[in-house]
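First the proteins, then the strands, lettered A, B, ... as listed; each starts at 1.
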Number of protein chains: 2
Amino acid sequence: MLSDRQLMILQVIIDDFIESAHPVGSRAISKKDEISLSAASIRNVMSDLEEMGYIEKTHSSSGRVPSEKGYRYYVDNVIAPTVGKSNLYLMKDLIRDEFVDFEKLVQKSAEVLSDLTNYTSIILGPEVFETKVKQLQIVSISEYSAVAILVTDSGHVEHRSFTIPAEISASDLEKIVNILNERLKGVSLAQLPEVITTEVISLMRIYVRDFEKSFKYLQSAFFQDQPVKLYIGGKTNLLAQPEFNDINKVRSFYQMMENEDRVVNLLKTPQHGIKVTIGNENEFDEIKDFSLITASYQLGAEQMGTIALLGPTRMEYRKVITLLNALSNEMTDALYLWYKNNG
Amino acid sequence: MLSDRQLMILQVIIDDFIESAHPVGSRAISKKDEISLSAASIRNVMSDLEEMGYIEKTHSSSGRVPSEKGYRYYVDNVIAPTVGKSNLYLMKDLIRDEFVDFEKLVQKSAEVLSDLTNYTSIILGPEVFETKVKQLQIVSISEYSAVAILVTDSGHVEHRSFTIPAEISASDLEKIVNILNERLKGVSLAQLPEVITTEVISLMRIYVRDFEKSFKYLQSAFFQDQPVKLYIGGKTNLLAQPEFNDINKVRSFYQMMENEDRVVNLLKTPQHGIKVTIGNENEFDEIKDFSLITASYQLGAEQMGTIALLGPTRMEYRKVITLLNALSNEMTDALYLWYKNNG
DNA sequence: TGTTAGCACTCTCATTACTTGAGTGCTAAT
DNA sequence: ATTAGCACTCAAGTAATGAGAGTGCTAACA
């Protein structure tokens with residue numbers, strides 16, 4: 001347990017370092033208004049804090065820098081209790097606007113979030129598996145090609161074009177669509193593949209000549225992979241951070257960000273609420289110099305998606321956590337309202 | 001006009017520099033198999049070339065580096081005549097696969113192109129202005145919201161969700177859709193806004209009560225901006241180039257690439273065929289250290305889109321130009337075939 | 001007994017000096 | 001016209017130096 005004095009000084013060191021990115025020395029601390037101790041006394045405290053592992057030196061005679069353990073303590077014991085009290089109105093503005101399109105909203109949120117923080121924001125779109133098919137439709141473009149359009153009850157639209165094999169006539173196609181529509185309406189996207197392979201296939205076999213071929217095409221057009229939507233904002237923001245002066249860091253960072261799967265895995269967390277991962281706490285090597293803060297937004301008890309901010313370990317935790325908290329609440333509220341309207 | 005000897009040496013310098021990124025000295029040149037002159041003689045030639053502006057020194061006693069004028073000469077007089085002879089089969093493979101979806105094709109092309117060259121590829125999707133409305137449809141999601149879906153005769157799908165204002169009934173909405181469909185079918189996207197404001201409005205006024213409000217919503221859902229589709233591949237490739245060791249270059253480059261409008265403007269060229277822009281020849285400051293090679297792919301006489309590669313001025317022009325040429329031809333062919341099928 | 005002034009010590013960082021090697025330009029000989 | 005030879009230039013790496021920031025420890029102080 002830290003004494004009041006130790007806590008105070010740890011806090012000053014972290015706050016100062018977060019702002020300046022330079023190691024903090026005892027003399028600098030003693031000059032702060034809120035500190036009325038001499039540099040020498042502070043040195044004693046710092047020595048204690050270092051022994052306990054909360055701060056460290058970059059070299060034998062340098063000032064002190066927060067360690068990951070230090071940040072962790074700061075996040076858990078200094079910031080956490082104060083979150084939730086202050087409410088952010090910027091976010092409200094963002095969401096209050098007519099809720100036209102969920103994707104737009106998420107995209108915009110990512111943008112705002114990165115602008116506000118100067119870090120990189122990552123938002124994982126809502127899980128679409130639980131949404132249900134509202135309508136399936138095929139618009140034929142020509143004799144040889146058509147577009148299949150799938151609309152879900154959440155207003156999500158997926159579409160694929162595909163070529164119509166010569167053996168299938170226009171009337172066959174129409175039959176297929178009718179069957180599919182009848183049987184698939186209300187089926188959740190997660191169940192889709194299963195329902196198709198069991199029920200629909202037998203139905204189709206009765207009505208449609210040469211159905212295997214038709215089916216193959218439709219399936220290739222639609223039911224393989226339901227990609228997770230990923231929105232990234234402010235990828236260049238981190239370039240402005242001084243810890244990014246090493247070009248190799250830049251390389252490995254951007255290489256990681258280009259790999260969507262990797263980024264998605266980064267955010268997949270079973271946990272609700274805010275989660276802070278500092279430096280090596282993270283399991284991915286590429287971001288062992290970063291901190292990642294994730295928050296989930298949800299609909300009822302069911303998790304929907306994740307918002308995250310990625311920045312240096314020297315991150316403005318207080319600001320970021322408050323912000324993320326507010327945004328995830330707003331999004332949860334918005335989703336709830338919207339869902340209610342869509343009964 | 002350059003003498004044979006001068007041309008030969010210029011070529012050696014450029015080839016060597018493109019490969020190594022280091023200034024090329026007279027002694028190094030004289031050691032090449034294809035050169036049978038002493039270093040001293042080469043120095044004389046180099047001195048001439050420098051005076052003419054084709055090469056330059058990085059400092060008073062360094063080897064020579066191609067100038068932009070040098071690259072320009074190389075591209076115009078050394079490479080141009082040899083292009084078109086060699087045909088690339090990799091590209092064919094790419095395009096020969098079932099032409100399922102134009103967007104997929106373009107995206108894949110961007111990827112392959114950047115992998116093959118280690119530069120950054122940028123592809124501008126086909127201009128959709130000339131494509132025509134095939135069908136407009138509105139799927140209502142709930143009492144309060146709906147999705148509008150627009151399918152064009154090129155198989156392109158646009159969709160927006162919007163909220164239905166309380167004053168508009170379901171039957172009104174149906175009427176609106178019917179009217180829109182009837183009048184808009186076959187109208188090109190470019191004409192869309194005009195047709196709507198002239199013809200459709202008056203029609204709607206007759207049939208639909210309180211139409212101004214409905215119209216406003218539909219319009220906001222659709223007819224404002226038709227975004228150009230942009231595909232970028234291998235954004236991180238350039239990071240591997242030695243000229244990218246300056247972190248500030250990295251910053252300004254990535255900042256530019258995040259601005260879609262800027263990138264689109266970069267590629268908008270009235271010219272058909274291959275166009276090479278070297279360093280300062282380009283009007284955008286951010287890429288004055290880069291070379292940009294663009295090729296258009298087309299349908300008939302009508303330009304459709306642009307493929308481009310962005311790399312350091314020290315670029316493998318020969319390879320890149322050949323590649324781009326092949327790809328743009330393949331894409332043009334593919335589009336032609338496809339259009340014929342959709343006659 | 002906790003606090004502080006004082007001082008020797010350590011390490012980084014910026015500056016300067018030195019060395020080496022690659023490359024040029026010129027001149028004189030071939 | 002070509003080339004060998006040589007003096008000269010510059011970049012880049014390395015070593016030496018000094019200043020500045022900061023620490024740790026000890027002894028004096030309230």
Side-chain angles (χ1 to χ4, degrees), chain A residues 2-10 12-17 19-67 70 242-243 245-247, chain B residues 2-10 12-17 19-67 70 242-243 245-247:
Chain A
L2 293 183
S3 72
D4 282 358
R5 173 175 293 183
Q6 287 169 330
L7 180 58
M8 169 112 240
I9 294 201
L10 176 60
V12 169
I13 292 176
I14 293 182
D15 285 337
D16 193 283
F17 183 73
E19 199 191 315
S20 73
H22 292 300
V24 188
S26 55
R27 239 178 88 77
I29 297 177
S30 77
K31 275 185 190 142
K32 303 246 166 198
D33 286 348
E34 65 265 40
I35 302 283
S36 55
L37 289 172
S38 73
S41 306
I42 291 167
R43 281 204 284 279
N44 291 329
V45 178
M46 286 166 97
S47 178
D48 295 347
L49 285 173
E50 185 175 17
E51 204 177 345
M52 290 187 274
Y54 294 112
I55 55 180
E56 48 197 31
K57 299 189 244 191
T58 61
H59 60 86
S60 72
S61 76
S62 76
R64 302 308 209 292
V65 154
S67 69
E243 26 271 286
N245 270 347
D246 180 2
I247 197 116
Chain B
L2 294 184
S3 71
D4 282 358
R5 172 176 294 185
Q6 288 169 329
L7 180 57
M8 168 115 243
I9 292 197
L10 176 60
V12 168
I13 291 176
I14 294 183
D15 286 339
D16 193 281
F17 184 73
E19 199 192 316
S20 73
H22 293 301
V24 189
S26 56
R27 237 177 90 77
I29 297 178
S30 78
K31 275 185 190 141
K32 303 244 170 200
D33 287 348
E34 65 265 39
I35 302 285
S36 55
L37 290 171
S38 75
S41 306
I42 291 167
R43 281 203 284 279
N44 291 329
V45 179
M46 286 166 96
S47 179
D48 296 347
L49 286 173
E50 185 174 17
E51 203 176 346
M52 291 186 272
Y54 294 110
I55 55 180
E56 49 198 29
K57 301 190 244 189
T58 60
H59 58 88
S60 74
S61 76
S62 76
R64 302 308 208 293
V65 154
S67 68
E243 27 272 284
N245 270 347
D246 180 1
I247 197 111

Take the protein atom [atom1] of [X] and the nucleotide atom [atom2] of [N], then report the distance between them rounded to whole Å.
X: B:Arg64; N: D:dT9; atom1: CZ; atom2: C1'; result: 13 Å
X: B:Arg5; N: D:dT3; atom1: CZ; atom2: C1'; result: 12 Å
X: A:Leu49; N: D:dT23; atom1: CG; atom2: C1'; result: 15 Å
X: B:Asp48; N: C:dC26; atom1: CG; atom2: C1'; result: 15 Å
X: B:Phe17; N: C:dG23; atom1: CZ; atom2: P; result: 13 Å
X: A:Ile42; N: C:dA5; atom1: CD1; atom2: P; result: 11 Å
X: B:Glu56; N: C:dG23; atom1: CD; atom2: C1'; result: 17 Å
X: B:His22; N: C:dG21; atom1: NE2; atom2: C1'; result: 15 Å

Would one find a side-chain N or O of [X] under 4.0 angstrom from OP1 or OP2 of [N]?
X: A:Ser60; N: C:dC11; answer: yes
X: B:Arg27; N: D:dA4; answer: no
X: B:Lys57; N: D:dA11; answer: no
X: A:Arg43; N: C:dG6; answer: no
X: A:Ser61; N: C:dT10; answer: no
X: B:Ser62; N: D:dC10; answer: no

Student check: side-chain heavy atoms of A:Arg27 and A:Ile42 closer than 4.5 Å
no
Test item: A:Val65 and A:Ile55 side chains (from C-beta on) under 4.5 Å apart, heavy atoms: no
query: What nucleic acid atoms does B:Ser41 come within less than 4.0 Å of, heavy atoms only: base, sugar-phosphate, or nothing?
result: base
Would B:Glu56 and B:Arg64 satisfy salt bridge (charged side-chain N to carboxylate O under 4.0 Å, His left out), going step by step from the backbone distance to the final call? CA-CA 5 Å; B:Glu56 49 198 29; B:Arg64 302 308 208 293; over 6 Å; no
Here the pair of heavy atoms bringing B:Ser30 nearest to B:Ala39 is CB-N, 3.8 Å
Smallest heavy-atom separation, A:Leu49 atom then A:Gln6 atom, equals CD1-O, 3.8 Å
By nearest-nucleotide position on DNA chain D, the 5'-leaning member of A:Asn44 and A:Pro23 is A:Pro23
Which of C:dT24, D:dT2, D:dA11 is nearest the side chain of B:His59? It is D:dA11
A:Ala40 has its side chain closest, among C:dT24, D:dA4, C:dT4, to C:dT4
